[in-house]
Number of protein chains: 2
Amino acid sequence: MARKHTIGDIAKLAGVSKATVSRVLNNKPDVDPATRARILQIMQEVGFVPSITASGLAGGRNRLLGVLIPSFNWFYVADIMRGVSETIGHTPYELLVYSINDMARDNDKGDILDHIFSTKLPAGLLAILPGRSAQYVERLHIHGFPVVMIDDAAHHTAMPWINVDNVQGARQAVKHLIALGHRRIGHILGKKDYLCTLERYQGYCQELEASGIAVDQTLVSQGDFEYLGGVEPARQLLSLPVEQRPTAIFAANDLTAYAVIDVANSFGLRVPEDIALVGFDDIASSLLVRPALTTVKQPFAEIGKHGVELLLSLLDDSAQPSFIFPSAETSRQPLQQVEAHSVQIVLSTRLVVRSSCGAKPLHHHMKDSFP
Amino acid sequence: MARKHTIGDIAKLAGVSKATVSRVLNNKPDVDPATRARILQIMQEVGFVPSITASGLAGGRNRLLGVLIPSFNWFYVADIMRGVSETIGHTPYELLVYSINDMARDNDKGDILDHIFSTKLPAGLLAILPGRSAQYVERLHIHGFPVVMIDDAAHHTAMPWINVDNVQGARQAVKHLIALGHRRIGHILGKKDYLCTLERYQGYCQELEASGIAVDQTLVSQGDFEYLGGVEPARQLLSLPVEQRPTAIFAANDLTAYAVIDVANSFGLRVPEDIALVGFDDIASSLLVRPALTTVKQPFAEIGKHGVELLLSLLDDSAQPSFIFPSAETSRQPLQQVEAHSVQIVLSTRLVVRSSCGAKPLHHHMKDSFP
DNA sequence: CTGTTAGCGCGTTCAT
DNA sequence: ATGAACGCGCTAACAG
């Protein structure tokens with residue numbers, strides 16, 4: 001393991017001043033190519049690693065990226081974090097995680113955001129916030145702190161922002177059910193006041209109407225994105241007289257769909273034979289429940305990736321990342337798929353067909369189809 | 001939101017030197033109680049937040065705790081991280097996450113540990129490593145970097161280390177099955193070369209023998225902790241002639257148990273009616289599969305919590321010049337559930353009875369038992 | 001008990 | 001194109 005070297009050491013070895021070493025470190029233009037090469041060479045050899053701490057102090061900006069998550073236990077958070085951490089791995093930044101539920105200080109989300117703002121430890125923040133908590137994050141944005149939101153309720157703001165197209169996603173789900181011959185398609189709504197709840201409902205309505213099917217409010221029931229919150233609305237829909245009962249249900253998310261499966265079974269109904277089912281999210285467990293869930297896949301890892309890229313594009317225009325870890329020569333990919341001026345990104349979803357909808361899957365997934 | 005203040009500002013406001021402010025900041029004993037109170041008061045008022053960056057540079061030790069995880073996508077990692085983040089929330093430390101699979105640099109675990117060691121960004125590292133990768137972490141430990149391992153294969157080392165009692169856990173599972181009247185109890189082993197695989201198998205054997213049941217090797221089959229890797233051994237066990245076929249199976253972990261459920265169903269067998277099933281881990285999805293899985297619960301959050309506490313105790317110790325100043329006042333209170341000298345902690349497991357074992361659950365879990 | 005003096009490792013002026 | 005010098009905010013010796 002390499003000993004700890006400072007730019008002073010490198011400077012001596014290279015026979016230049018510390019300032020020059022600092023210049024190549026920060027990729028400044030005005031350095032003689034020859035000496036730059038020599039310095040880089042030496043840094044390689046001795047395994048020089050600049051002090052994030054010191055450069056942070058001196059430069060005023062740390063090479064740390066903050067990510068605020070609602071909880072480590074939410075299934076989809078893990079997928080987003082995978083994308084986040086993978087993307088950060090391609091940069092000289094490190095990953096700092098703030099979790100809301102788990103904070104010692106009161107659960108007030110404003111508090112933790114205050115903390116982040118006042119410490120200014122991370123150079124920027126990627127905030128995954130459900131519901132209408134965007135306002136807290138917006139405060140940071142207003143104060144000039146680089147922030148990217150991953151949320152459904154942030155449309156009203158001008159903050160850099162990233163999300164999926166919930167309307168299209170819902171339409172994909174309903175379209176598929178219609179294509180399978182269903183006409184009475186029920187919907188269990190997500191949590192009230194969430195924008196994505198509304199959007200998915202809108203997509204549901206749009207697709208029905210596009211097929212000439214009138215939206216029947218008796219087939220729409222209020223859920224809350226949780227398993228338990230899905231039980232009652234599922235009961236409600238499945239309790240309808242057979243001729244009114246939906247033959248298919250589009251649940252606002254996967255957890256809600258799980259509740260439908262269980263309620264259906266408890267009613268002596270089978271999924272998908274008696275009731276076709278499509279969820280939304282494609283969290284990891286949807287591959288494990290039986291029947292495996294057909295669902296609208298949110299590209300969580302992509303969301304995380306684009307979120308980080310967008311955030312990075314906000315940070316530096318001048319000092320492009322410096323010098324990467326010695327072994328990562330090829331890993332420098334252009335982080336600029338994100339347009340410099342597009343501060344809002346909408347990713348698209350994809351329908352993943354498994355067993356719960358009753359369609360014959362085109363591509364059998366390994367786990368799904370092993371028997 | 002509070003403006004940014006430095007200790008210099010506080011010093012002026014309090015009419016003392018920066019050194020004194022620094023002293024109260026670091027809870028040094030020799031400060032006049034009155035001035036200490038006054039300074040704290042002022043810090044409160046102006047909302048002073050010390051710069052982690054600067055104190056890290058000056059003191060040589062950052063208020064950052066590193067956690068190395070194999071992946072954000074492993075179910076149990078999320079639970080451990082919940083405990084970790086919750087515990088860190090009670091301290092002035094921040095959480096720095098390193099993920100292995102997702103690193104841009106080659107997947108070599110040694111590389112990322114080198115990186116951590118050479119940057120020395122975090123004050124210490126909590127490493128969740130599967131298998132025998134402990135050696136990489138051990139290098140850090142040898143070089144004096146504070147490290148705590150969460151792993152099954154680290155018994156051979158003297159590193160601070162934390163884990164669950166796999167033998168007892170396995171015995172709990174098997175004991176329960178025996179109590180339900182089962183005599184032919186099969187076992188699907190975990191991944192080869194993992195210590196916890198061996199330990200769980202040993203527990204399985206011990207409990208059988210304690211009940212006067214001979215271990216039958218035809219009832220033991222090799223898995224690998226993965227769902228897919230559980231399919232074949234499950235097939236093997238369930239293909240046995242009825243009179244030899246196990247009436248119950250103890251799977252080395254939950255994912256393997258899921259495979260047993262699916263294979264059983266594909267054989268026209270029902271869980272738990274035809275085959276009782278107990279898993280190990282109690283990952284979140286075990287509440288969602290059907291039948292809900294009876295399993296040996298690993299206290300993942302506790303593991304994370306104790307891991308952090310142990311790590312912090314290592315840090316504090318090294319920072320204490322206690323030999324020189326045998327002060328009478330020990331105002332250092334928290335985090336000392338962990339004995340100063342116990343560098344290895346073994347937590348115990350708990351059997352969570354749900355549907356898959358065929359026993360009538362004593363306590364119906366909400367989700368589990370809603371119908 | 002408290003103030004003074006040095007740095008920690010690096011970025012960023014100024015000069016040259 | 002490069003060096004010298006200063007300072008980021010704080011901790012850690014030293015004195016008193």
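In what follows, chains carry the letters A, B, and so on, assigned in the order in which the sequence lines appear, proteins first and then strands, with residues in each chain numbered from 1. If you're wondering where the values come from, they're calculated on a predicted model, not measured in any experiment. The basis for the numbers below is simple: all heavy atoms, side chains too, and nothing from hydrogens, waters or symmetry mates.
Atom pair B:Asn26:CG and D:dA13:C1' shows a separation of 14 Å (rounding to whole Å applied). Taking atom CG of residue A:Leu121 and atom C1' of nucleotide D:dC10, one finds them 14 Å apart after rounding to whole Å. Here the C1' atom of nucleotide D:dC10 and the CG atom of B:Asn62 are 12 Å apart, to the nearest Å. Straight-line distance from the CZ atom of B:Arg38 to the P atom of C:dC1: 15 Å, rounded to whole Å. Distance CG (B:Asn27) to P (D:dT11): 12 Å, rounded to an integer number of Å. Atoms NZ (B:Lys120) and P (C:dC10) sit 13 Å apart, rounded to a whole Å. Taking atom CD1 of A:Ile39 as the reference point, atom P of D:dT2 lies 8 Å away to the nearest angstrom. With rounding to whole Å, A:Ile7 atom CD1 is found 13 Å from D:dA4 atom C1'.
In the set C:dT2, D:dC10, C:dT12, C:dT12 carries the atom at the smallest distance from any side-chain atom of A:Ser22. In the set C:dT2, C:dG9, D:dC10, C:dG9 carries the atom at the smallest distance from any side-chain atom of B:Leu57. In the set D:dT2, C:dG3, D:dC10, the nucleotide with an atom closest to the side chain of B:Pro50 is D:dC10. Side-chain proximity of B:Lys18 to D:dC10, C:dT12, C:dG9: nearest is D:dC10. The side chain of A:Ala58 approaches D:dG7 more closely than any other nucleotide in the set D:dA1, D:dG7, D:dC10. Of the listed nucleotides (D:dT11, D:dG9, D:dG3), D:dG3 has the atom at the smallest distance from the side chain of A:Thr20.
Heavy atoms of B:Gly60 sit nowhere under 4.0 angstrom from any nucleic acid atom. Using a 4.0 Å heavy-atom cutoff across all strands shown, B:Thr53 reaches no nucleic acid atom at all. Looking at heavy-atom distances under 4.0 Å, A:Ser55 makes contact with sugar-phosphate atoms alone, never a base. If you check every strand for non-hydrogen atoms under 4.0 Å, B:Val16 touches sugar and phosphate atoms only. Across all strands, B:Asp32 comes closer than 4.0 Å only to sugar-phosphate atoms, never to a base (heavy-atom distances).
An OP1 or OP2 oxygen of C:dG9 is reached within less than 4.0 angstrom by no side-chain nitrogen or oxygen of A:Ser51. The phosphate of C:dT2 (OP1 or OP2) has no side-chain N or O of B:Lys28 nearer than 4.0 angstrom. Not one side-chain nitrogen or oxygen of A:Thr6 sits closer than 4.0 Å to the OP1 or OP2 atom of C:dC8.
A donor-acceptor contact under 3.5 angstrom links the side chains of A:His115 and B:Glu94, judged on distance only. Using modelled atom types, one finds no donor on one side chain facing an acceptor on the other under 3.5 Å when comparing A:His143 with A:Glu138.
Considering all non-hydrogen atoms of both residues, B:Phe145 and B:Pro122 come closest at CZ-O, 3.4 Å. Residues A:Leu314 and A:Pro160 come closest through the heavy atom pair CD2-CG, 3.5 Å.
In this structure, the side chains of A:Leu126 and A:Leu68 stay at 4.5 Å or more apart for every pair of heavy atoms.
With B:Arg23 contributing its side chain and B:Asp30 its backbone, the two residues share no donor-acceptor pair below 3.5 Å. Between the side chain of A:Lys120 and the main chain of A:Phe117, a donor-acceptor pair closer than 3.5 Å is present. Side chain of B:Ser118 to main chain of B:Asp114: a donor-acceptor pair is present (N/O by atom type, distance under 3.5 Å, no hydrogens or angles).
For the strand DNA chain C, secondary-structure stems (runs of at least three Watson-Crick or G-U pairs, all distances below 3.5 Å) span C:1-4 with D:13-16, C:6-16 with D:1-11.
When each of A:Leu13, A:Ile39, A:Ile7, A:Asp9 is tested with A:Phe48 by the rule side chain to side chain contact (heavy atoms under 4.5 Å, CB included), just one qualifies, namely A:Ile7.
For the pair B:Gly59 and B:Asp30, both in contact range of DNA chain C, the more 5′-proximal nearest nucleotide belongs to B:Asp30.
Side-chain to base pairing of A:Arg23 with D:dG3: one donor and one acceptor N or O lie within less than 3.5 Å of each other.
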